[in-house]
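See below for the structure under consideration.
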Amino acid sequence: MAAYTCEACGMSIGTMTCGQCGEELEHGDITLDDGRSVHVSRCPGGHGKVKSPMCCGQDMACQTG
């Protein structure tokens, strides 16, 4: 399960699922045109991706592996 945690306050978010297929979203990263990396949560079935959650004005971190 991908759990996102706010490094500032400790708030965490557990399982997020795809609205089309019900599969659990997987953590990933994309690289923007300017070279910055952005955390995303993507459907393993290829239905798309969303920007990962924010808290306290910053991206929440996800421990993987």
Task: hydrophobic_cluster_shared for V40 and V50, side chain cutoff 4.5 Å - done: no
TODO: Return yes when atom CG of D33 has more than 12 non-hydrogen atoms of other residues, nucleotides or ligands closer than 6.0 Å, and no otherwise.
DONE: no
Any chance you could measure [X], atom [atom1], to [Y], atom [atom2], to the nearest 0.5 Å?
X	Y	atom1	atom2	result
R42	H47	CZ	NE2	14.5 Å
E24	T17	CD	OG1	8.5 Å
M16	Y4	CE	OH	5.0 Å
E26	C43	CD	SG	8.0 Å
T5	M60	OG1	CE	6.0 Å
K51	S41	NZ	OG	9.0 Å

TODO: Mind listing the closest non-hydrogen atom pair of L32 and V38 along with its distance?
DONE: CD1-CG2, 3.5 Å
Open item on the list: Is any side-chain heavy atom of I30 closer than 4.5 Å to one of K49?
Closed with: yes
